[in-house]
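I have placed the structure first, in the form of structure tokens, so that the comments after it can refer back to it.
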Amino acid sequence: METYETDHLDIVRALAPECMVLLRSDGAFPLAGPGEIALFGSGARRTVKGGTGSGDVNSRHVTTIEEGLEAAGFTVVTKPWLDAYDRVHDQAHQDFIAGIRAEAAERDVPAIMIGMGSVMAEPEHEIPLDVETDVDPQTAVYVLARTSGEGSDRTPDAGDLRLTASEIRDIRALSKRFERFLLVLNVGGVVDLSTLGDVTNILLLSQLGATIGDAFTDVLLGRAYPSGKLATTWAAWDEAEQIGDFGDPDDTRYREGVYVGYRFYDSIGKEPLFPFGFGLGYTTFDLRTHQVSLDGARVSIDVDVTNTGSHPGKETVQVYAAVPPGRLDQPLQALAGFTKTGQIAPRETARVTVDVDLTDLASYDEAAHATVLEAGRYLLRVGTSSRHLSPVAVVGLGEDAIVRRLTGDLGEPGFTDWRPETPAALDIPADLPVLAVDPARLRLPDRAEPASAADLDEALALARTLSDDELIHTVLGDYRSGEESGSIIGAASTTVVGAAGQSTTRIAGVPSIIMADGPAGLRLAPTYGVDAEGSFSLGDSSLPATFLELMDDAGREVLGIADEPEPREPAEIREQYATAIPIGTALAQSWNPVLAERLGDVVGAEMERFSVHLWLAPAFNLHRSVLCGRNFEYLSEDPLLAGRIAAAITRGVQSHPGRGVTIKHLACNNQETNRLNSNSRVSPRALRDHYLRPFEICVRRARPAAVMTSYNLINGVHTSESAQLLEVILRQEWGFDGLVMTDWVVDGMTHSDMKHPRATAAATVKAGNELFMPGGEPDRQNLLAALRRGSENLGAAGRPEQSDDAVSLTRTELETQAARVIRMARRLAVSPAS
Ligand code: BGC
């Protein structure tokens with residue numbers, strides 16, 4: 001291992017406990033020291049570091065729970081169980097692959113199209129819970145694992161969201177039999193724990209990257225302590241089911257409007273199993289509000305946090321606001337601010353300040369085309385989860401206030417949002433201090449200050465000198481046609497092996513932008529060969545194992561990959577191991593922007609090392625349904641938490657010159673079902689207040705270098721083809737001045753007979769999504785045809801007349817979009833590594 005790897009692993013190990021959420025505790029943990037331990041469960045030896053798909057990361061090694069325990073001096077006395085489980089798992093995997101092949105043959109499609117992202121449910125089994133020793137150990141740990149990934153959604157079935165009968169049986173039996181029993185959840189998203197009411201110690205370990213086994217052991221032994229809080233509500237499936245489903249895969253109705261996650265449960269007065277913001281530690285805290293003050297639109301709440309237990313810990317002080325319903329209905333409450341303390345020793349007190357920006361509480365009013373705060377009394381409550389809160393102040397607003405007037409319009413969904421029939425309400429205690437806010441202080445600029453156009457003008461000057469063909473290549477990823485084609489979803493870069501893509505290498509004076517996936521670290525091929533002609537893949541690509549297992553000629557054809565390349569003899573083999581950091585949801589569970597920034601910094605350092613310019617992360621579509629297969633990559637169900645953590649990650653990465661993030665997927669990519677062709681039907685209010693909000697927060701606070709649009713449509717228009725989204729909302733309203741690229745669309749991935757066909761390169765580029773990825777010959781042809789139409793049909797005013805549905809592009813439009821790509825290529829070329 002190289003020094004950067006050990007340094008980065010040490011950082012990840014030290015920070016990981018902040019991402020773990022202790023869900024139940026009876027005081028039996030931490031342990032006093034290592035000893036004999038009974039270890040069970042699917043994640044004990046096959047510990048999951050993160051999900052599958054483009055969000056997977058190739059680290060050199062992942063320390064499993066079993067390895068972590070043994071390295072710390074534990075004796076695992078249940079090896080026969082773990083061996084037997086391996087056999088059950090391997091058999092189930094073979095059956096799973098055979099099933100996919102059979103289904104593919106029956107439907108006459110390549111196996112890869114069915115298998116891409118599909119995840120095997122946890123198998124049932126009858127393995128006895130024996131231990132290998134005469135003396136029964138006192139301690140047992142059961143590690144329940146789940147994995148999910150890009151390309152398919154989760155199911156509410158046993159073995160995925162629900163527990164299998166074998167798991168329930170074993171966990172209950174162990175919980176009764178052992179003096180100290182800990183259920184560890186090695187999962188990327190919610191599992192339904194309603195069948196385990198009598199289990200008294202549950203740790204949501206989550207999926208924490210390469211050092212997960214060590215970080216777990218540190219916490220088990222009390223060398224570190226968990227201090228995470230849930231970033232998403234954990235409810236029993238029967239409760240979750242009532243709202244927010246995927247419905248018709250062609251047209252998903254976001255009928256629940258803004259009532260997502262805790263906003264839903266709180267507003268109908270239903271207590272979920274574990275509420276948003278909840279998490280225990282090894283100690284307890286007492287909160288006392290010291291002072292509340294108002295300055296303009298900012299309320300500052302000083303809180304004294306006292307450690308009342310006997311172990312050190314950190315607490316997250318959370319502030320929720322109840323916005324008074326008026327013309328607009330309002331969820332019972334919304335997160336309005338949070339601050340995590342540093343470590344507090346037993347009996348010590350730390351004072352923290354939580355700032356609430358009242359303009360963050362504004363709601364979108366469709367009638368006024370503005371975000372507004374309606375007159376009334378706004379109750380602020382402080383506490384340690386969304387369900388453990390005390391009222392601290394009332395903000396009084398005497399008249400309605402407009403915060404921003406907005407012009408961007410993403411259409412109508414064709415239905416009215418659901419709202420609770422008898423919404424829960426909070427009483428406002430009479431003795432609370434009332435802070436009277438001046439409505440004039442709540443007004444914000446409608447449009448962001450335009451960024452300096454100097455570097456765009458320079459790029460435009462260059463674009464004007466390029467031929468039509470060169471311009472077209474500039475707005476396409478760096479594709480190779482025919483024989484040379486390396487264009488594969490997620491690994492299309494030819495410069496950095498295993499990186500997801502790159503911009504063109506064909507234009508003199510325009511550096512190629514190299515992009516690699518995330519969000520749980522940098523996804524690259526772990527090794528590659530070098531010979532006199534350059535670097536090349538050794539076949540150990542960065543693609544997931546199941547994907548490779550199912551790849552065949554039909555799959556290659558569909559994905560536009562050339563035949564298997566001739567074996568090439570490397571003169572040298574080089575390594576590019578990246579550090580797997582905690583998954584997105586785990587980062588959000590830290591509720592700690594400083595931690596998120598530090599891990600962004602780790603990724604930025606590795607980008608420098610491996611000459612990657614843009615990281616295709618962070619990803620933060622909101623957790624709308626717990627079934628979304630990519631929720632593990634995403635941060636939270638709450639826009640404020642997601643936006644602030646995303647901004648922190650962005651700052652960490654972009655502290656490295658010449659390195660940028662690509663925030664994704666803008667927007668409403670909240671499911672994998674029919675992900676390329678599904679139309680998310682969402683009300684303007686839910687879009688503004690909820691689904692666009694985290695992106696807006698991140699853009700305004702941290703100026704991310706790039707944005708990736710989503711595959712899906714919003715109210716009938718592909719996000720990548722929406723000038724309203726890209727030119728009006730993103731650029732004019734939020735002030736974004738970076739690069740916009742598409743998600744990776746390869747021709748064979750989608751069919752023309754879909755209700756909503758895939759986005760086209762020409763429509764995309766025209767709408768302000770200036771880089772079509774990964775790019776292919778059909779996309780070049782599409783752009784050429786559009787340019788031809790654009791030059792033939794020039795009307796009197798010099799504007800193209802659309803004679804039919806086909807898009808036309810003028811040369812001027814193409815120059816403008818190419819200039820945006822050139823500008824970013826030049827901005828990113830400033831670093832010494834480039
Ligand atoms: C994913 C993106 C990813 C891209 C490149 C797509 O399939 O949706 O999140 O960045 O591939 O690998």
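These values consider heavy atoms only, across backbone and side chains, with no hydrogens, waters or symmetry-generated copies. As the structure lists them, so they are numbered: ligands from 1, and atoms in each ligand from 1.
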### Message
Assess whether a salt bridge exists between D737 and R703, defined as any Lys/Arg side-chain N lying under 4.0 Å from an Asp/Glu carboxylate O.
### Response
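A salt bridge is present here (some side-chain N lies under 4.0 Å from a carboxylate O).
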#### Entry: salt bridge (Lys or Arg N to Asp or Glu O under 4.0 Å) partners for E727, two or more places apart
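Partners of E727 by the salt bridge (Lys or Arg N to Asp or Glu O under 4.0 Å) criterion, ordered by chain and then number, come out as R731, R820.
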### Message
I'd like to know whether D779 forms a salt bridge (charged side-chain N to carboxylate O under 4.0 Å, His left out) with R758, so could you lay out the CA-CA distance, the side-chain angles of the two residues, the decisive distance to 0.1 Å, and finally the verdict.
### Response
CA-CA 12 Å; D779 308 314; R758 67 111 138 159; 3.2 Å; yes
Under 4.0 Å from a heavy atom of [X]: which atoms of ligand 1 are those, numbered in the order shown and with their elements?
{"X": "Y711", "value": "6 (C), 7 (O), 8 (O)"}
{"X": "K664", "value": "2 (C), 3 (C), 9 (O), 10 (O)"}
{"X": "A500", "value": "5 (C), 12 (O)"}
{"X": "R630", "value": "1 (C), 2 (C), 8 (O), 9 (O)"}
{"X": "R523", "value": "12 (O)"}

Can you tell me if [X] contacts ligand 1 (heavy atom of the residue under 4.0 Å from the ligand)?
{"X": "H665", "value": "yes"}
{"X": "M708", "value": "yes"}
{"X": "R675", "value": "yes"}

### Query
For ligand 1, which part of M515 has a heavy atom less than 4.0 Å away: the side chain, the backbone, both, or neither?
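For M515, no heavy atom sits under 4.0 Å from ligand 1.
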### Message
Going by side chain to side chain donor-acceptor pair (under 3.5 Å), name the residues that satisfy it together with R598, two or more places apart in sequence or in a different chain.
### Response
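For R598 the side chain to side chain donor-acceptor pair (under 3.5 Å) partners, ignoring immediate neighbours, are D601.
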### Query
Between T662, L616, D743, N669, which one has a non-hydrogen atom sitting closest to atom 4 (C) of ligand 1?
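Ranked by closest heavy atom to atom 4 (C) of ligand 1, first place is D743.
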### CZ/R826: more than 12 non-hydrogen atoms of other groups inside 6.0 Å
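Atom CZ in R826 is crowded, with more than 12 foreign heavy atoms closer than 6.0 Å.
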### Query
Taking the side chain from S590 and the backbone from A596, do they hold a donor-acceptor pair closer than 3.5 Å?
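Answer holds: no.
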### Non-hydrogen atoms of P657 and E608 that approach each other most closely
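Nearest pair, atom of P657 first, then E608: CD-OE2, 4.2 Å.
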